[in-house]
Amino acid sequence: MPVSLRPAAPAHAIRSYVRRAPGTFIWLGILFVTSVIMHQLTPDILEHVLERRSTNIHNLLLSPGRVLLTSALWLDGGGWPLYVLVFNIFHVPAERWLGTRRWLAVMGVAHIGATYLSEGVLALAIHTGAAPHSAVNTLDVGVSYALAGVAAVLTYRIPWRPLRYVYAAGVLLFYTAPLFDHLTFTDIGHFSAALLGLACYPLTPRRKSDQAATPNAS
């Protein structure tokens, strides 16, 4: 009896995989388009385009909502295939676990909070003379703050507590180490984003064991 290879099965599996994390793959699709655009532009034009979308101090004062959104639609270093890998490691399981809305909330907390914290530190450095005034226009685009927050919040997805602590320590160590070597405002942003991700515990689904431990209201 001939065996059917069912060529449609892999396509169905891929569609099912994507549908379970729609936000992640829509975002990856946008990043693919902007990455292609970046490779088509001359360096001078590309710099102008990214400056318009940078969450630097100047732009945050003029149009914070616009740049907070558009800055997360462009990549700053690393090729798009690398982000496909990283997004599948962190964003896909996080979106499936949290649901798209809470996943977006965690990313918003990390991206917006870390942006303002890091730019606030930079503003203080400018005010005290530790950084030049031209730093108000420093380029700051990319998806890394949201990624740090999501990587950190995944701590609470690990059911075995000892392993959960090891994972959290690893995330914090990864983002703490750069603070002691040529410190930049983006290093502060990444560390802040990881802390903010850990602070998003109230957004995570409660485990049955936790619910059972909570006494019923009478």
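Note: hydrogens, waters and symmetry copies are ignored here, and every other heavy atom, side chains too, is used. The model shown is predicted, which means the values in this text are computed figures rather than measured ones. Residue numbers run from 1 in the order of the sequence given.
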So which atom in [X] and which in [Y] form the shortest heavy-atom distance, rounded to 0.1 Å?
X: Met38; Y: Leu50; result: CE-CD1, 4.3 Å
X: Val49; Y: Trp74; result: CG1-CH2, 3.8 Å
X: Ala194; Y: Leu172; result: CB-CD2, 4.4 Å
X: Ala148; Y: Ala193; result: CB-CB, 3.8 Å
X: Pro22; Y: Thr100; result: CG-OG1, 3.9 Å
X: Ser54; Y: Asp140; result: OG-N, 2.7 Å

Is the shortest heavy-atom distance from the side chain of [X] to the side chain of [Y] under 4.5 Å?
X: Asn59; Y: Asn137; value: no
X: Leu203; Y: Val153; value: no
X: Arg102; Y: Glu95; value: no
X: Val92; Y: Tyr17; value: yes
X: Phe185; Y: Val121; value: no
X: Leu68; Y: Tyr116; value: yes
X: Thr204; Y: Leu98; value: yes
X: Phe32; Y: Leu28; value: no

How many angstroms lie between atom [atom1] of [X] and atom [atom2] of [Y], to the nearest 0.5 angstrom?
X: Thr184; Y: His190; atom1: OG1; atom2: NE2; result: 8.0 Å
X: Ile188; Y: Leu117; atom1: CD1; atom2: CG; result: 9.5 Å
X: Leu195; Y: Cys200; atom1: CG; atom2: SG; result: 11.0 Å
X: Glu51; Y: His58; atom1: CD; atom2: NE2; result: 9.5 Å
X: Arg157; Y: Arg96; atom1: CZ; atom2: CZ; result: 8.5 Å
X: Leu147; Y: Met107; atom1: CG; atom2: CE; result: 10.0 Å

Query - Contacts of Ser63 that satisfy side-chain hydrogen bond (donor to acceptor under 3.5 Å, both in side chains) - sequence neighbours left out - result: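 With sequence neighbours excluded, Ser63 shows a side-chain hydrogen bond (donor to acceptor under 3.5 Å, both in side chains) to Arg66, given in chain and number order.
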Spell out, yes or no, whether [X] and [Y] are grouped together once hydrophobic residues are joined by side-chain heavy atoms under 4.5 Å, including indirect joins.
X: Ile30; Y: Leu41; result: yes
X: Leu139; Y: Leu122; result: no
X: Val150; Y: Trp97; result: yes
X: Leu173; Y: Phe90; result: no
X: Val136; Y: Leu62; result: no

Within the side chain of [X], is there an N or O that forms a donor-acceptor pair under 3.5 Å with the backbone of [Y]?
X: His39; Y: Ser35; value: yes
X: His127; Y: Ala123; value: no
X: Tyr156; Y: Leu198; value: yes
X: Arg164; Y: Ile158; value: yes
X: Ser16; Y: His12; value: no
X: Asp181; Y: Pro178; value: no

Requested in this report: Check the angle between the aromatic planes of Tyr145 and His111 and answer parallel, tilted or perpendicular using the 30° and 60° thresholds.
Outcome: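 Correct class here is tilted.
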Query raised in the report: Between Tyr175 and Phe191, is the gap from one ring center to the other below 6.0 Å?
Result: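 When the ring centroids of Tyr175 and Phe191 are compared, they turn out to be at least 6.0 Å apart.
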Query raised in the report: Do Trp27 and Phe87 have ring centres separated by under 6.0 Å?
Result: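 Ring-ring flag for Trp27/Phe87: true, centres closer than 6.0 Å.
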**Report entry** Full working for side chain to side chain contact (heavy atoms under 4.5 Å, CB included) between Leu60 and Ile57
**Finding:** CA-CA 5 Å; Leu60 285 172; Ile57 296 171; 5.7 Å; no
Query raised in the report: Between Arg19 and Phe25, is NZ or CZ placed under 6.0 angstrom from the six-membered ring centre and within 45° of the ring axis?
Result: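 No cation-pi geometry.
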Query raised in the report: Thr55 and side-chain contact (heavy atoms from CB on, under 4.5 Å): which partner among Thr115, Ile112, Val141?
Result: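 Passing option: Thr115.
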Query raised in the report: How about Phe174: does its CZ atom have over 12 heavy atoms from other parts shown lying under 6.0 Å from it?
Result: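 Open.
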**Report entry** Test item: side-chain donor near acceptor, Tyr83 and Asn88, under 3.5 Å
**Finding:**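 Tyr83 vs Asn88: no donor-acceptor pair found between side chains.
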